[in-house]
S.K.: 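Questions regarding the structure given below will be posed in turn.
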2 protein chains.
Amino acid sequence: MTSDTKTDKPAPASGRNVTIKDLAAELDLSITTISRALNGYSDVGERTRQKVEGAAKRLGYRPNRNAQRLVLQRTHNIAWVQSDNELKYLDPHFAEVMAGVLAQAREVNYDIVLTSHGKDREIATYDRYVRDNSVDGFIVDLPREDDQRIGFLLDSGRPFVVHGREPRCDRYGWVDMDNYGNFYRLARLLVANGHRRIAFINGDEAFNYALYRHRAVRHAVADSGLPEDTVTVYNSAHPMGDAGFRLTREALADPAITAIIYSSILLLVEGYEAWAAAAPRHGQPIALATMDDVLRHIDRTRYLPRVTFVRSSLKDAGLALIDELSRQCDRHAAPQGTLIPSYFDVVPGLDPGSIDEPLPPQRRDHIG
Amino acid sequence: MTSDTKTDKPAPASGRNVTIKDLAAELDLSITTISRALNGYSDVGERTRQKVEGAAKRLGYRPNRNAQRLVLQRTHNIAWVQSDNELKYLDPHFAEVMAGVLAQAREVNYDIVLTSHGKDREIATYDRYVRDNSVDGFIVDLPREDDQRIGFLLDSGRPFVVHGREPRCDRYGWVDMDNYGNFYRLARLLVANGHRRIAFINGDEAFNYALYRHRAVRHAVADSGLPEDTVTVYNSAHPMGDAGFRLTREALADPAITAIIYSSILLLVEGYEAWAAAAPRHGQPIALATMDDVLRHIDRTRYLPRVTFVRSSLKDAGLALIDELSRQCDRHAAPQGTLIPSYFDVVPGLDPGSIDEPLPPQRRDHIG
DNA sequence: ATAGCCAACTAAAACGTTTTGGCAAATGCC
DNA sequence: GGCATTTGCCAAAACGTTTTAGTTGGCTAT
């Protein structure tokens with residue numbers, strides 16, 4: 001018995017944390033053995049392993065993460081760099097992705113380092129993380145065409161995952177919904193059901209998700225042999241506020257409009273009242289269709305019988321983002337793209353037609 | 001000249017990052033000198049310092065943060081642990097605090113580690129961070145009476161800051177608005193202006209901010225010698241959804257009600273329509289008063305002439321949270337409480353009375 | 001007996017910094 | 001010129017792990 005006093009208190013929170021060296025002293029073993037015992041190596045005796053594990057639990061030992069990070073060259077941290085647009089934090093779409101990211105990060109034992117960068121410091125912020133070894137990988141969201149961040153990260157060779165896509169998407173891991181396919185199908189659906197003047201209330205087309213949705217809708221009318229002005233596109237830079245209401249009113253000011261496609265259920269919710277107040281066209285009420293990101297505070301069933309939905313969970317996208325990063329970092333797998341599935345709920349009055357069929361061949365491998 | 005080839009490319013992003021040892025080799029100096037040169041010690045020659053800084057910039061040197069963390073016992077990380085209530089992420093109040101926290105963290109060179117914990121793993125989550133040395137301090141928000149987290153962190157001896165207060169608040173750093181004072185004043189204001197039936201649409205009283213607001217309103221009526229039922233309290237667990245509208249309707253169902261106090265401008269916004277449709281009582285329109293947290297997506301001016309506001313910025317609270325942590329961690333200052341200032345905008349029709357004066361003596365040092 | 005093998009352990013190096021306690025040369029002072 | 005001080009640099013230890021390359025001692029097979 002080398003230990004003079006026995007205390008069974010679970011680590012009395014004194015100044016210093018207990019280290020592997022303390023365990024070694026306590027048990028009269030080398031630190032090598034302690035380390036190997038705790039890391040499940042086969043060359044430590046069963047009795048010894050038990051003792052080590054017992055002591056570790058009893059003294060409340062936790063490996064010093066910074067020492068581990070230094071020697072293993074792995075931090076188990078993931079950086080999520082935000083532009084300093086503070087409106088973004090109150091966008092429910094962002095919150096939903098965050099819920100997924102945080103939940104899954106916890107599951108696979110990663111910590112999320114959330115950062116905002118100042119004006120013109122975007123690449124500098126990534127560069128710092130790459131060079132000071134403080135994270136294993138990156139989450140990039142809301143990509144644009146020819147996105148600087150992606151170019152930089154590709155060059156850096158570090159693991160990263162993009163929520164969305166752009167032209168280089170075969171060279172990195174991504175998670176995305178089928179923006180193009182979903183909106184192509186929605187537009188064709190309306191056209192196939194006789195709508196000849198359609199309003200599309202889209203998001204901010206500076207971002208690819210909205211850009212690709214726009215293209216999809218245009219292509220759908222073109223492929224149906226209809227003129228370009230079959231669809232009028234409106235943009236809302238931010239889904240909060242009154243954009244949904246305002247743009248719906250604006251769209252309805254065109255007396256020929258018979259259908260509206262919304263890029264987000266938030267826009268639909270805001271526009272719904274303006275819609276309810278609107279006069280039917282050609283004796284029919286105006287048809288509504290929207291993307292539904294499965295935001296947990298919106299009760300979709302309220303709109304179910306009146307609105308055609310295409311649904312794809314943003315929280316699932318958040319989960320998948322972390323899974324992809326974990327694949328790259330933990331399992332050293334090659335980057336891989338993941339498409340989050342989408343489901344259509346076509347309103348009873350409409351003929352669903354070819355909604356669940358593949359896109360026409362010429363539109364098959366379009367990004368978005 | 002020991003270096004064989006000269007390359008001026010800014011760190012070609014090869015596999016390995018450049019270390020202090022590389023600089024030492026490049027300049028034929030010891031790593032001690034490199035370190036001291038970069039850290040501004042006075043015992044390195046001016047010419048040498050220039051050369052070191054030049055080489056560091058040229059080769060794109062960034063100190064390995066994990067090595068620094070190990071030796072300095074400081075991580076420059078702050079943990080912000082979230083309960084796994086995912087509704088929280090889309091609460092604009094949370095987003096606003098987050099904007100402040102992230103902005104100021106960037107300013108004082110800290111990274112925010114955002115975590116969510118699983119069921120019943122709350123203290124375990126804090127415990128892990130305390131014991132594995134991965135953060136310097138903690139942000140705790142939405143405290144309750146006798147909050148477990150605060151007890152644990154007090155015992156741990158680690159720096160932390162609480163957004164809000166509870167009874168032990170003289171023993172830790174906190175940032176808070178004057179919940180009690182603000183709502184005491186609002187209630188007295190209404191009472192002083194003749195209102196005898198008041199509805200108070202409060203937040204979730206499981207949390208202290210709402211609990212203290214409730215107490216303040218009760219005390220205000222009691223101090224005015226009015227009966228308890230002068231005020232009826234309604235609670236909304238979450239400010240999103242339709243609680244504001246629903247509870248306003250419920251409150252207005254009482255024909256004697258002449259004033260409504262809202263705990264958040266979000267509730268007011270939702271209730272505003274119900275209010276606008278309501279019949280005046282005693283010939284007067286129903287008086288409205290609300291807390292305004294300066295949420296960046298709400299246009300307060302729209303309600304300005306009709307509603308009495310007490311305004312206090314949640315983003316400023318976020319900034320102050322980080323400042324307090326920085327004081328404790330960087331400057332080793334004793335924990336300190338910070339009260340974010342509040343401002344009243346009393347509606348023209350109301351006599352402001354004693355709104356800007358101190359609370360009555362018996363209410364002076366009430367927490368909250 | 002001895003070579004070979006296996007089980008169970010360990011010393012030392014490594015990860016990339018900071019810091020302590022020097023040391024040699026140059027300078028100042030009388 | 002001789003001593004003290006200052007200037008400018010450095011070797012080595014430390015932070016707490018993991019991993020490499022062993023070393024023991026006991027057992028087996030011959």
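This is a predicted model, so every value here is computed, not measured. To find a chain, count down the sequence lines: A is the first, B the second, and so on, and within it residues start at 1.
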S.K.: If you pin A/Glu46 and B/Leu72 to their nearest nucleotides in DNA chain C, which one's is more 5'?
M.R.: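 Nearer the 5' end of the strand: A/Glu46.
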S.K.: Give a yes or no answer on whether the side chain of B/Arg158 reaches the backbone of B/Val130 with a donor-acceptor pair at less than 3.5 Å.
M.R.: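 At least one qualifying donor-acceptor pair exists.
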S.K.: Could you state the CG-C1' distance from B/Leu23 to C/dT18, rounded to the nearest angstrom?
M.R.: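 To the nearest whole Å, that distance equals 15 Å.
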S.K.: Counting only side-chain heavy atoms from C-beta out, which of D/dT19, C/dT18, D/dT17 sits nearest to A/Gln68?
M.R.: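 Closest nucleotide to the A/Gln68 side chain: D/dT17.
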S.K.: What's the CG-C1' distance between B/Leu29 and D/dG8, to the nearest Å?
M.R.: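 The answer, rounded to whole Å, is 10 Å.
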S.K.: What nucleotide among C/dT18, D/dA11, D/dT18 has an atom nearest to a side-chain atom of B/Asn39?
M.R.: C/dT18
S.K.: Can you check whether A/Thr19 has a side-chain N or O nearer than 4.0 Å to OP1 or OP2 of D/dG16?
M.R.: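 Negative; the distance criterion is not met.
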S.K.: If you check the A/Thr48 side chain, which of D/dA11, C/dT19, C/dC9 turns out closest?
M.R.: C/dC9
S.K.: Which of these nucleotides, D/dT19, D/dC10, D/dT17, is closest to any side-chain atom of A/Tyr41?
M.R.: D/dT19
S.K.: Can you tell me which nucleotide in C/dT20, C/dT17, C/dA11 comes closest to the side chain of B/Arg36?
M.R.: C/dT20
S.K.: With side-chain hydrogen bond (donor to acceptor under 3.5 Å, both in side chains) as the criterion, how do B/Tyr129 and B/Asp136 come out once you've worked through the C-alpha distance, each side chain's angles and the decisive distance to 0.1 Å?
M.R.: CA-CA 9 Å; B/Tyr129 285 121; B/Asp136 295 339; over 6 Å; no
S.K.: Report yes if a side-chain nitrogen or oxygen of A/Thr33 is closer than 4.0 Å to either non-bridging phosphate oxygen (OP1 or OP2) of C/dA8; otherwise report no.
M.R.: no
S.K.: Starting at CG of A/Asp22 and ending at P of D/dG16, how long is that distance when rounded to a whole Å?
M.R.: 9 Å
S.K.: Just the rounded figure in Å: distance from P of D/dT17 to CD of A/Gln73.
M.R.: 17 Å
S.K.: Where do A/His117 and A/Thr125 come nearest, in terms of heavy atoms and distance?
M.R.: CB-OG1, 3.1 Å
S.K.: Of all the nucleotides listed (D/dC10, C/dC9, C/dC15), which has the minimum atom distance to the side chain of A/Val71?
M.R.: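 Looking only at side-chain atoms, A/Val71 lies closest to C/dC15.
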S.K.: How about B/Trp174 and B/Phe160: are their ring centres within less than 6.0 Å of each other?
M.R.: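 Ring-ring flag for B/Trp174/B/Phe160: false, centres at least 6.0 Å apart.
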S.K.: Given C/dT18, is OP1 or OP2 found less than 4.0 Å from the side-chain N or O atoms of B/Ser35?
M.R.: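 Yes, within the criterion.
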S.K.: With distance as the sole criterion, is a donor-acceptor pair present between the side chains of A/Gln73 and A/Asn133 under 3.5 Å?
M.R.: no
S.K.: Round to the nearest Å and state the distance from B/Ile20 atom CD1 to D/dC15 atom C1'.
M.R.: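 Nearest whole value for this atom pair: 15 Å.
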S.K.: Tell me: CD of A/Gln50 to P of C/dA8, nearest whole Å?
M.R.: 13 Å
S.K.: With a 4.0 Å cut-off on heavy atoms, is B/Asp43 in touch with a base, just the backbone sugar-phosphate, or nothing at all?
M.R.: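 The answer is base, as B/Asp43 lies within the cut-off (heavy atoms under 4.0 Å) of a base atom.
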S.K.: Grab the CG-C1' distance between B/Leu70 and D/dA13 for me, whole Å please.
M.R.: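 So the CG-C1' distance, B/Leu70 to D/dA13, works out to 13 Å.
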S.K.: So A/Ile31, base contact, sugar-phosphate only, or nothing? Heavy-atom distance under 4.0 Å.
M.R.: base
S.K.: Whole angstrom is fine here: how far is it from CZ in B/Arg65 over to P in D/dC15?
M.R.: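 Taking atom P of D/dC15 as the reference, CZ of B/Arg65 is at 22 Å.
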S.K.: Please determine if a side-chain N or O atom of B/Asn66 lies less than 4.0 Å away from the OP1 or OP2 oxygen of C/dG16.
M.R.: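 Negative; the distance criterion is not met.
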S.K.: Charged N to carboxylate O under 4.0 angstrom, A/Asp132 versus B/Arg62?
M.R.: no
S.K.: Does a nitrogen or oxygen in the side chain of A/Thr32 sit under 4.0 Å from OP1 or OP2 of C/dT10?
M.R.: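 No, because none of the side-chain N or O atoms of A/Thr32 sits under 4.0 Å from OP1 or OP2 of C/dT10.
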